[in-house]
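Step one of this worksheet: look at the structure below.
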Amino acid sequence: MGHVLSAATTEALPPKAKWGVGDIPDLTGKVIIVTGGAAGLGKETSKALLNHNAKVYIAARNEKLARVAIEELKNETDKEAIFLKLDLADLKSVREAAHEFQTKEGELHVLFNNAGVMVPPIEAVTAQGYDLQFGTNVLGMTASLVAPELRQLIPNLIGHFYFTKLLTPQLLAGAKSSPDGKARVVNTSSSAAAMVRSINFETLTDTPARKKRSLWMLYGESKLGSIVLSNELAARYGDQGLVSTSMNPGNLNSELQRHLKGLEGLFVSMFLYPVPKGALTQLYAGTSPEGADFNGKYLIPWARVGKNHPFGQNVAGRRKVWDWLEEQVKKFESSS
């Protein structure tokens, strides 16, 4: 409970930012991917990166909307981002996206694992029966067999895990070529992670335990998963120059709230900030010179280092989650 109260005060009501997009250094020569970069937080992040001369790949599922966003960003920045088709709900698409990138680039300097969904209907599960939020925000499952009305709900952990895993060679190459010897992965989490103490594996698939779990607790688990993934990535590859961070962008008025209705939606809307403010923290982690020393850190609004989740620092717990993610990916690879 203490961790929840701390997050509520330090993350939901942040002080004025001391760092801004104007502090981003020149990013000429940097190759960067932003998942979910066509809208909301991802689009604002892409805009700032383009304005500072980065080569930006916008990884998104909807090509039509992404092309519109790229054109809008070109008009605003005079720089053109590159579209990378990526459906985090479909591991085949994740693999194809990674391969497509690898045919064009030998190095990746920053990966923003930004895309995600929040509190979809409890009935929403992936084709393989995984909880939709965890399957998307963390794992990323095959969506071709999922009902059309559910597909839009699918992207937080397995998809990002697999995408990062496939692109690790390019990230390590990017670290070697960088003046500071670092490449970065920035994983979008949320203050909702503080609502849960650990990840309950019984709620990750369509079980009675999952159906008894509230949508917010399931969302919290998916976002805790992002922290766990980030911290374990930091532990495994930090000595090779990979800087992995997780962060809470803040309570933002974005597309994430599209499933909130009635009084719940009204209440949440009273505590939301403009999307551009939310981009600050992940831009700080991904571009600032001091960010090179943030490996394994958890950042909070606006552009501050915060207190890591206790479970994210539990080595045995982290490894168990990582091993579970590896198992899910191996199942896909062996069947395709």
Side-chain angles (χ1 to χ4, degrees), residues 2-4 6-7 11 35 88 91 94 111-118 126 130-141 155-168 171 184-205 209-210 213 216-239 242-249 281-282 285-286 294-300 305-330:
H3 188 71
V4 175
S6 175
E11 300 181 36
T35 71
L88 286 165
L91 287 185
V94 173
L111 170 59
F112 287 96
N113 283 328
N114 166 83
V117 296
M118 184 175 78
T126 66
Y130 293 92
D131 171 71
L132 195 54
Q133 294 178 115
F134 201 88
T136 301
N137 297 348
V138 185
L139 237 181
M141 301 312 298
N156 287 333
L157 195 57
I158 304 182
H160 277 137
F161 170 80
Y162 193 36
F163 195 50
T164 305
K165 175 183 171 71
L166 293 172
L167 293 178
T168 296
L171 285 163
R184 309 185 196 189
V185 178
V186 182
N187 300 283
T188 300
S189 183
S190 166
S191 59
M195 296 190 302
V196 295
R197 293 183 178 180
S198 62
I199 292 175
N200 182 351
F201 288 85
E202 291 185 7
T203 65
L204 304 185
T205 54
R210 175 184 172 273
R213 197 84 156 141
W216 280 106
M217 296 299 275
L218 291 172
Y219 178 64
E221 283 188 349
S222 81
K223 287 306 184 181
L224 175 54
S226 296
I227 295 174
V228 170
L229 170 59
S230 179
N231 290 359
E232 186 61 18
L233 190 68
R236 290 174 182 248
Y237 294 100
D239 61 351
L242 186 57
V243 177
S244 177
T245 58
S246 54
M247 64 94 208
N248 168 24
T281 305
Q282 64 183 23
F294 288 166
N295 194 40
K297 301 295 186 181
Y298 174 71
L299 283 77
I300 59 177
V305 175
K307 185 178 180 180
N308 219 310
H309 193 290
F311 188 73
Q313 300 176 79
N314 182 319
V315 176
R318 286 201 323 249
R319 289 176 179 172
K320 183 177 180 181
V321 173
W322 184 281
D323 290 344
W324 185 86
L325 291 168
E326 287 275 20
E327 283 181 25
Q328 313 317 305
V329 168
K330 286 180 181 177

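Hydrogens, waters and symmetry mates play no part in the numbers below; they use all other heavy atoms, side chains included.
Side-chain contact between F311 and V321 is present, with at least one heavy-atom pair separated by less than 4.5 Å. Looking only at side-chain heavy atoms (C-beta outward), Y162 and L88 stay at 4.5 Å or farther from each other.
Partners of N231 under the side chain to side chain donor-acceptor pair (under 3.5 Å) rule, at least two apart in sequence or in another chain, are N308. Remark: S189 pairs with A193, K223, S226, I227, Y298 by the side chain to side chain contact (heavy atoms under 4.5 Å, CB included) rule, at least two apart or across chains. Judged as a side chain to side chain contact (heavy atoms under 4.5 Å, CB included), and not counting sequence neighbours, the contacts of T245 are V186, V243, A285, F294, L299.
Expressed to the nearest 0.5 Å, how far CG of N314 lies from NE2 of H309 amounts to 11.0 Å. N295 contributes atom CG, which lies 13.0 Å from atom OH of Y237 (distance to the nearest 0.5 angstrom). Rounded to the nearest 0.5 angstrom, Q282 CD and S246 OG are separated by 12.0 Å. Here the straight-line distance linking atom CD of Q328 with atom CG of D323 works out to 11.0 Å at 0.5 Å rounding. For the atom pair CZ of R184 and CG of L171, the computed distance is 12.5 Å after rounding to the nearest 0.5 Å. Once rounded to the nearest 0.5 Å, the distance linking CG of N113 with CG of L167 reads 9.0 Å.
With respect to R236 and E232, a salt bridge is recorded, a charged nitrogen being found less than 4.0 Å from a carboxylate O.
Contact detail for S244 and S230: the closest heavy-atom pair is OG-O, 2.8 Å.
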Q: Walk me through it: do T188 and F112 pass the test side-chain contact (heavy atoms from CB on, under 4.5 Å)?
A: CA-CA 8 Å; T188 300; F112 287 96; over 6 Å; no
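The backbone N or O of V228 sits nowhere less than 3.5 Å from a side-chain atom of R318 that would complete a donor-acceptor pair.
With H160 as the fixed residue, the side-chain hydrogen bond (donor to acceptor under 3.5 Å, both in side chains) test singles out one of N187, T35, N114: T35.
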